[in-house]
Q: 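Quick one: structure below, then a few questions.
Start at 1 and go down the list; that is how both ligands and their atoms are numbered. The figures that follow rest on heavy atoms only: side chains count, while hydrogens, waters and symmetry mates do not.
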Amino acid sequence: MSSKFDVVVIGGGPAGYVAAIRAAQNGLATACIDAWRTAAGELSLGGTCLNAGCIPSKALLESSEIYHRACHELGAHGIDAGEVRLDLARMQARKAAIVARLCGGIQGLFRANAVTALAGHGALLPGNKVRFTPHQGEARLLEADHVILATGSQPIELPSLPFDGERIVDSAGALELDAVPHRLGVIGAGVIGLELGSVWRRLGAEVTVLEALDQFLPMADAQIAREAERQLRRQGLDIHLGARVQSGERSAGGVRLRYEDRQGSHELEVDRVVVAVGRRPHTAGLLDPLSGVVTDARGCIEVDAHCRTSAANVWAIGDVVRGPMLAHKGSEEGVMVADLIAGRYGHVNYAVIPSVIYTTPEIAWVGRSEAELVADGVAFKAGTFNFAASGRALAMDQAAGIVKVLADAASDELLGVHVCGPMAGELIAEAVVAMEFQGTAEDLQRTIHAHPTLAEAVHEAALAADRRAIHAINR
Ligand code: FAD
Ligand code: AMP
């Protein structure tokens, strides 16, 4: 096998594998090194996203939602399903099969595009050389015209509560539990904490979420966050805001957590705890001190707007660089970099990256929130629409939530769209396209939306921005 490539990508997650495929499509001889292994020791491309993130979490969210609905919501449809039983082992096996299928799919795409997959560890040396250490065998030196660093991120551990893989787990461990805990503690009410807390709540656990900040989902629009908080509490997630976990220790049957809030110090006894306090860039063993690549105070590899590092022809993309830790953000950076290397045009529109939280209801947004527009001194108009008036949402028995459209008061350009409601993650795509084309509220208003669909709520919210909603009273 050759040791000389046009492009070597280190990391085979959604940033790295997409970059590798696009580089190969551009006619470049490309290799992608990845260290992720299955329990059987096989290379498992797809990174955190496919192996222990986006995909397995969505598989369990879907299964647990079906279980919850079967237990509690079929009666409203006039269906008596009798006794509903949970087979967690089968639920987990279904999840594992989806993961295996998708990871195998990336291997297939690599073969079809002639990307060389290398199983093992990569390290950047000076002069665009990469040391590849296979899981078995001798390390060897690869030469590349361009190197793309896409090594992703890892969960942050609380020093006073180290992961033990059994009772104190990270997000990956929380996706692998083999029994529903009676009492589950979740530390951190971010995207991951809320999604994983929802899974185990729906399956029957008593879930307590401890969040250090006073505000719920500060990155979302405040009106949407309030609605989401109300819905999630209604489902039984016991959310404590302003509650900072100080320490914890294993107790006889579980874990005793100590946290502080305005009222003082508290103890909470749980059977298991998921620590979901954020993720940090993963660069351990990656950068030779003379490689010329610089990291910032948070450990992110420093890059410019086109993902160039401070070393010539070395690029970095995905979770290992600044910006939201989202799979689609990393993938688009991968496409951009692979196209720039090939001499094509490449660009990422960082202002129009959608965020989705896959709770029930889902929470999704793109662009700026109302508070951000106020802080930026932008004159804007807002329109909202409640799913309670959506025929489709009522038919689905999922009529909780709202859509909110924010547009420039003078030019009418869309500035932000925020959804808390059924299929919000799908609905937001319309807003993303509209904003990518610098669309206006009027563009959404004049676009025909099929009836009855959830998307009509986006249409009505756009109309409401001009006090012209048909199915709501305009105030
Ligand atoms: P990663 O996916 O982390 O991939 C990096 C890869 O590089 C890994 O395979 C790693 O083993 C490998 N690697 C690291 N160092 C080396 C080295 N030196 N040599 C060789 N290989 C190396 N994002 C969304 O957009 N939507 C979601 O719904 C979503 N859900 C999530 C749910 C959970 C529970 C978690 C944990 C994350 C979720 N994310 C989601 C975030 C998403 O997984 C990440 O943003 C995404 O995986 C980042 O992609 P990446 O390619 O930058 O890094
Ligand atoms: P995210 O960064 O979106 O994954 O969310 C992680 C969340 O964990 C943030 O909202 C943090 O405020 C929260 N967090 C971090 N440390 C603690 C802690 N010690 N106790 C409770 N919450 C925490």
Side-chain angles (χ1 to χ4, degrees), residues 9-19 32-37 43-58 60-61 103 118-124 130-133 135 149-156 158-161 170-172 174-175 185-196 199 209-219 240-248 257 259-261 274-287 316-321 323-331 333-334 353-358 425:
V9 183
I10 306 181
Y17 83 71
V18 169
C32 180
I33 305 173
D34 192 84
W36 206 295
R37 285 192 276 184
L43 171 66
S44 188
L45 290 166
T48 305
C49 173
L50 266 61
N51 288 287
C54 321
I55 299 303
S57 61
K58 265 79 258 178
L60 287 186
L61 279 158
C103 293
L118 299 171
H121 186 270
L124 180 72
V130 171
R131 185 178 52 242
F132 165 55
T133 311
H135 292 310
L149 307 173
T151 47
S153 61
Q154 287 186 317
I156 294 176
L158 290 175
S160 56
L161 199 64
D170 62 6
S171 54
L175 290 165
V186 176
I187 307 179
V191 178
I192 293 174
L194 291 177
E195 289 188 359
L196 295 175
V199 165
V209 183
L210 300 171
E211 165 57 53
L213 300 176
D214 290 325
Q215 199 186 343
F216 185 68
L217 288 181
M219 62 287 201
H240 294 243
L241 298 176
R244 177 171 291 280
V245 174
Q246 306 290 348
S247 63
L257 298 173
Y259 68 95
E260 258 175 32
D261 61 16
V274 182
V275 181
V277 296
R279 298 177 63 84
R280 66 161 58 95
H282 181 199
T283 53
L286 176 68
L287 302 172
I317 57 176
D319 279 11
V320 79
V321 303
M325 288 187 171
L326 292 169
H328 43 283
K329 173 263 192 187
S331 296
E333 289 177 335
I353 298 176
S355 296
V356 183
I357 308 176
Y358 295 82

Q: Would you say R279 has any N or O atom under 3.5 Å from an N or O of ligand 1, going by distance alone?
A: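 No; every N/O pair is 3.5 Å or more apart.
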
Q: Geometry only, no angles: is A15 polar-contacting ligand 1 at N/O separations under 3.5 Å?
A: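 Yes: some nitrogen or oxygen of A15 is under 3.5 Å from one in ligand 1.
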
Q: When only distance counts, is M325 in polar contact with ligand 1, meaning an N/O pair under 3.5 Å?
A: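 Right, the criterion is met.
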
Q: For ligand 1, which part of L326 has a heavy atom less than 4.0 Å away: the side chain, the backbone, both, or neither?
A: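 Both backbone and side chain.
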
Q: Identify which one of T151, T133, L118, L43 satisfies the side chain to side chain contact (heavy atoms under 4.5 Å, CB included) criterion when paired with I33.
A: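 So, applying the side chain to side chain contact (heavy atoms under 4.5 Å, CB included) to I33 and each of T151, T133, L118, L43, only L118 qualifies.
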
Q: Please check this pair: side chain of S44 against backbone of W36, looking for a donor-acceptor N/O pair closer than 3.5 Å.
A: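 Not confirmed, S44 side chain does not pair with W36 backbone.
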
Q: Passes side chain to side chain contact (heavy atoms under 4.5 Å, CB included), V191 versus M219? Steps please.
A: CA-CA 10 Å; V191 178; M219 62 287 201; 4.0 Å; yes

Q: Using 0.5 Å steps for rounding, measure from the CG atom of L326 to the SG atom of C54.
A: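 Result: 8.5 Å between the selected atoms.
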
Q: With rounding to the nearest 0.5 Å, note down the distance linking CG in L61 to CD in E195.
A: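 Going from the CG atom of L61 to the CD atom of E195 covers 5.5 Å.
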
Q: So how far is it from L210 CG to H240 NE2, rounded to the nearest 0.5 Å?
A: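 The CG atom of L210 sits 6.0 Å away from the NE2 atom of H240.
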
Q: Do any N or O atoms from the side chain of S160 and from the backbone of Q246 form a donor-acceptor pair under 3.5 angstrom?
A: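 Yes.
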
Q: I'd like to check which ligand 2 atoms, numbered from 1 as shown, lie under 4.0 Å from a non-hydrogen atom of G278.
A: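 Those atoms are 2 (O), 4 (O), 6 (C).
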
Q: With atom 6 (C) of ligand 1 as the reference point, say which of T48, L175, D34 has the nearest heavy atom.
A: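 Minimum heavy-atom distance to atom 6 (C) of ligand 1 goes to D34.
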
Q: For W36, take its heavy atoms, then give the atoms of ligand 1 lying under 4.0 Å from any of them.
A: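 Checking each atom against W36, I get 8 (C), 9 (O), 11 (O).
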
Q: Between L210 and ligand 2, which residue portion shows a heavy-atom distance shorter than 4.0 Å: side chain, backbone, both, or neither?
A: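 Under 4.0 Å from ligand 2, L210 contributes backbone atoms alone.
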
Q: Under 3.5 Å between some N or O of ligand 2 and some N or O of A212?
A: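 Indeed, backbone or side chain, A212 has an N or O that close.
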
Q: Is the shortest N/O to N/O distance between Y358 and ligand 1 below 3.5 Å?
A: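 The answer is no, given that Y358 and ligand 1 share no N or O pair closer than 3.5 Å.
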
Q: Atom CG of D170 and atom CG of L158: how far apart are they, to the nearest 0.5 Å?
A: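 Output value for this atom pair is 11.5 Å.
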
Q: Would G193 count as a contact residue for ligand 2, given that I'm defining contact as a non-hydrogen atom of the residue lying under 4.0 Å from a ligand atom?
A: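 Judged by the 4.0 Å heavy-atom criterion, G193 does not count as contacting ligand 2.
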
Q: Measure from atom 49 (O) of ligand 1 to every heavy atom in G318, G13, P14 and give the option owning the shortest one.
A: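 It is P14 whose heavy atom sits nearest to atom 49 (O) of ligand 1.
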
Q: Would G120 count as a contact of ligand 1 if the rule is a heavy atom under 4.0 Å away?
A: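 Right, G120 reaches ligand 1.
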
Q: Among all protein heavy atoms in this structure, tell me which lies nearest to atom 17 (C) of ligand 2, with the distance rounded to 0.1 Å.
A: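 Nearest neighbour among protein heavy atoms for atom 17 (C) of ligand 2, to 0.1 Å: V277 CG1, 3.7 Å.
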
Q: Looking at non-hydrogen atoms alone, which of A316, G152, G122, G47 comes nearest to atom 18 (N) of ligand 1?
A: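 Heavy atom nearest to atom 18 (N) of ligand 1 belongs to G122.
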
Q: Any side-chain heavy atom of L161 sitting closer than 4.5 Å to one from L257?
A: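 They are in side-chain contact.
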
Q: Name the closest protein heavy atom to atom 18 (C) of ligand 2, giving the residue it belongs to and the distance to 0.1 Å.
A: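 I find the closest protein heavy atom is V245 N, 3.8 Å.
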
Q: Strictly distance-based, threshold 3.5 Å: is any side-chain N or O of D319 a donor or acceptor partner for the main-chain N or O of G152?
A: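 No.
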
Q: Among all protein heavy atoms in this structure, tell me which lies nearest to atom 8 (O) of ligand 2, with the distance rounded to 0.1 Å.
A: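 Heavy-atom neighbour on the protein nearest atom 8 (O) of ligand 2: G188 CA, 3.3 Å.
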
Q: Mark the output for K329 as yes if a heavy-atom distance to ligand 1 is under 4.0 Å, and as no if none is.
A: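 Distance cut 4.0 Å: K329 fails for ligand 1.
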
Q: Does ligand 1 have an atom that lies less than 4.0 angstrom from a heavy atom of I10?
A: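 Contact check I10 vs ligand 1: positive.
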
Q: Answer yes or no: is there a donor N or O on one side and an acceptor on the other, between the side chain of E333 and the main chain of I317, under 3.5 Å?
A: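 Side chain of E333 to backbone of I317, a donor-acceptor pair under 3.5 Å: no, none is there.
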
Q: For ligand 1, which is the ligand I care about here, please tell me if A35 has any N or O atom under 3.5 Å from one of the ligand's N or O atoms.
A: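 N/O-N/O distance below 3.5 Å exists for this pair.
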
Q: Among protein heavy atoms, which lies nearest atom 5 (O) of ligand 2, and at what distance?
A: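 Result: G190 CA, 3.5 Å.
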
Q: To the nearest 0.5 Å, what is the distance between SG (C103) and CG (L45)?
A: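 Answer rounded to 0.5 Å: 7.5 Å.
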
Q: Could you tell me whether some N/O pair between I317 and ligand 1 is separated by less than 3.5 angstrom?
A: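 N/O-N/O distance under 3.5 Å: no.
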
Q: Output the list of atoms in ligand 1 that are nearer than 4.0 Å to some heavy atom of S57, sorted by atom number.
A: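 In order of numbering, the contacting atoms are 32 (C).
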
Q: I need the contact type for A327 against ligand 1. Using non-hydrogen atoms and a strict under-4.0 Å cut-off, is it side chain, backbone, both or neither?
A: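 Both backbone and side chain.
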
Q: Test your reading of the model: is there a side-chain donor-acceptor pair from K329 to the backbone of G318, 3.5 Å cut-off?
A: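 Answer holds: yes.
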
Q: In this structure, does ligand 1 have an atom that sits under 4.0 Å from one of the heavy atoms of Q154?
A: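 For ligand 1, residue contact (heavy atoms, under 4.0 Å) with Q154 is absent.
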
Q: How far apart are the C-alpha atoms of Y259 and R244, what are their side-chain angles, what is the distance that settles it, and do they pass the side chain to side chain contact (heavy atoms under 4.5 Å, CB included) test?
A: CA-CA 5 Å; Y259 68 95; R244 177 171 291 280; 5.9 Å; no

Q: Would you say G53 contacts ligand 1, with heavy atoms under 4.0 Å as the rule?
A: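 Judged by the 4.0 Å heavy-atom criterion, G53 does count as contacting ligand 1.
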
Q: If you have a sec, work out which protein heavy atom is nearest atom 11 (C) of ligand 2 and how many Å separate them, to one decimal?
A: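 I find the closest protein heavy atom is E211 OE2, 3.5 Å.
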
Q: Considering the heavy atoms of A243, write down every atom of ligand 2 situated less than 4.0 Å from one of them.
A: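 Those atoms are 20 (N), 21 (C).
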
Q: May I ask you to list the atoms of ligand 2 that are less than 4.0 angstrom from any heavy atom of L213?
A: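 Under 4.0 Å from L213, ligand 2 has these atoms: 12 (O).
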
Q: Between the main-chain N or O of P14 and the side-chain N or O of H328, is there a donor-acceptor pair closer than 3.5 Å?
A: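 Answer holds: no.
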
Q: Which of the numbered atoms in ligand 2 are below 4.0 angstrom from a heavy atom of A276?
A: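 Every atom of ligand 2 under 4.0 Å from some heavy atom of A276: 6 (C), 7 (C), 8 (O).
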
Q: Evaluating non-hydrogen atoms only, which member of P281, C54, S153 is closest to atom 42 (C) of ligand 1?
A: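 Result: the heavy atom closest to atom 42 (C) of ligand 1 is in C54.
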
Q: For the pair H135 (side chain) and A35 (backbone), establish whether a donor and an acceptor sit closer than 3.5 Å, ignoring hydrogens and angles.
A: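 At least one qualifying donor-acceptor pair exists.
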
